[in-house]
2 protein chains.
Amino acid sequence: MNEKNTISSITYDDIKKDIIFGKLKPSIKLKLDNLKNSYNASLSTIRETLNRLASEGFVKAEEQRGFFVNSFSQDDLIEIANLRVLLECHALELSIKNGDTDWEGNLVASHHKLHLLEKETQKDYKKNREEWKKYDWGFHLALVSNCRSKNLLNLHSILYDKYIRYQMTVTEYRGKEAEEEHKIIFEAALKRDTKLASETLEKHILKGLDHTLTIFK
Amino acid sequence: MNEKNTISSITYDDIKKDIIFGKLKPSIKLKLDNLKNSYNASLSTIRETLNRLASEGFVKAEEQRGFFVNSFSQDDLIEIANLRVLLECHALELSIKNGDTDWEGNLVASHHKLHLLEKETQKDYKKNREEWKKYDWGFHLALVSNCRSKNLLNLHSILYDKYIRYQMTVTEYRGKEAEEEHKIIFEAALKRDTKLASETLEKHILKGLDHTLTIFK
DNA sequence: AATGTAATAAATATATGATATTTTATTATG
DNA sequence: CATAATAAAATATCATATATTTATTACATT
């Protein structure tokens, strides 16, 4: 149920994915005619998609001059990381407070799946990036999913993707350290240790930021 | 310079405004053909606009079933108010910390203009709602404008509009009390009293929430 | 000859109207 | 009264036409 049927939504997913994983590189111009051919959709459909992505901040729309993949900058990355800390830690705290059995079960499952994949990822990061992102997202979403604010969850998911877009350009996997952080956050959340969970999550995001900032050096 | 030339951007502004001020009522279906006629634009242009507004959360898009003005609910309003507190107070604190002369000047000006208009507004709120919103926004923007995070400012402006959409349906003006809060925030910001400014801003938003919640009773 | 400006051509974005597909409403049938 | 078949309405998509921007060329000035 709730399948994505329309060309529009398929195109949206495809282009967004290509931006996040760097197939469509920062700052490049998105020429409508090119996109039309590579994504097999009409101009109107492409424009709808780009307008949506522009609203979310993955694409920059310049009136009558066209669309561009949003550029990278150190400041932008720092802003995004800090906002992610603000929203995700807040959501995590709410989530833990509201914590119920379903949430806990889902959290255990998603951490387990992430943990399994982390081993694979260490072998060949580049190859497994998409998979890794899927399970990392699954875990972080499970953490905050019980915050009872759809508005907050929406904002958070966009911010997560923006953060990850930068991270996906870094060639080395942060690995061991990040896994350890995941584990601490996970266990703290189960124990309802809001403070430890939130503080470790903040560290986790900011250390990821540091790791990613190397691309600007 | 930087004028809004395209039909698309004009239509976007118009429809957004009509949603915020309740001319397009919550939950109603936005039939493309009707909009096409009332806003004098082609179907594709209307669709572009609605896709943008859907991304921002003013419109709900249901695949192959069309577009609807986002519905009202008590929970949604509470979520929005709380998120506005989180983001706006955070931005205010940053803004005050970075506070410079330009920021201060702009703040004085915008508070002055708001103060002048508040007197007018008391006479005939319904008539002056649009004007009031413009100056209230001017003041709140001036407060946070120095936070040095474009990402934060973008999110904040959308949240502000969502909050105000609810408030615009309330017939009575909160008046005196809100004006007093504005004044305290303003003076605290000038004195660089971050704590007082932030705490009063939080109260201000939450009292506005209470006032608006009456529409659900 | 080098540089700046104006005129033209090409590329591109914007906007529209026509067609195809899907959903919703209506009618017919068991 | 429920279900199936049909008709109507609405959405989604596309192909084409118009307007704007960008690139190229020609011309004039120092």
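Just so it is clear, the model here is predicted, and its values are computed rather than measured.
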Original post:
Considering only dT16(C), dT14(C), dT11(D), which nucleotide approaches the side chain of Lys31(B) most closely?
Top reply: dT11(D)
Original post:
Which nucleotide in the list dT21(D), dA12(D), dT16(C) gets nearest to the side chain of Ser42(B)?
Top reply: dT16(C)
Round to a whole Å and report the spacing from [atom1] of [X] to [atom2] of [N].
{"X": "Leu43(A)", "N": "dT18(D)", "atom1": "CG", "atom2": "C1'", "value": "14 Å"}
{"X": "Phe68(A)", "N": "dA13(C)", "atom1": "CZ", "atom2": "P", "value": "8 Å"}
{"X": "Glu48(B)", "N": "dT13(D)", "atom1": "CD", "atom2": "C1'", "value": "14 Å"}
{"X": "Leu32(B)", "N": "dA15(C)", "atom1": "CG", "atom2": "P", "value": "17 Å"}
{"X": "Asn34(A)", "N": "dA11(C)", "atom1": "CG", "atom2": "P", "value": "13 Å"}
{"X": "Asn51(B)", "N": "dT13(D)", "atom1": "CG", "atom2": "P", "value": "10 Å"}
{"X": "Leu35(A)", "N": "dT14(C)", "atom1": "CG", "atom2": "P", "value": "13 Å"}
{"X": "Glu63(A)", "N": "dT14(C)", "atom1": "CD", "atom2": "P", "value": "8 Å"}

**OP:** Specify the residue among Leu30(B) and Gln64(A) whose closest nucleotide of DNA chain D lies further upstream toward the 5′ end.
**Re:** Leu30(B)
When all nucleic acid strands are considered with a 4.0 Å heavy-atom cut-off, which category describes [X]: base, sugar-phosphate, or nothing?
{"X": "Ser44(A)", "value": "base"}
{"X": "Lys36(B)", "value": "nothing"}
{"X": "Ile7(B)", "value": "sugar-phosphate"}

Do the side chains of [X] and [Y] get close enough for a salt bridge, i.e. N-O under 4.0 angstrom?
{"X": "Glu56(B)", "Y": "Lys162(B)", "result": "no"}
{"X": "Arg174(A)", "Y": "Glu181(A)", "result": "yes"}
{"X": "Lys113(B)", "Y": "Asp136(B)", "result": "no"}

Subject >> Sequence neighbours excluded, every pair satisfying salt bridge (Lys or Arg N to Asp or Glu O under 4.0 Å) that has a member inside residues 94-110 of chain B >> reply: Glu104(B)-Arg192(B)
Subject >> Short side-chain donor-acceptor distance under 3.5 Å, His115(A) and Glu179(A) >> reply: no
Original post:
Would you say Lys29(B) reaches dT11(D)'s phosphate, i.e. side-chain N/O to OP1/OP2 under 4.0 Å?
Top reply: yes
Original post:
With respect to the phosphate group of dA13(C), does any side-chain polar atom (N or O) of Thr6(B) fall under 4.0 Å of OP1 or OP2?
Top reply: no
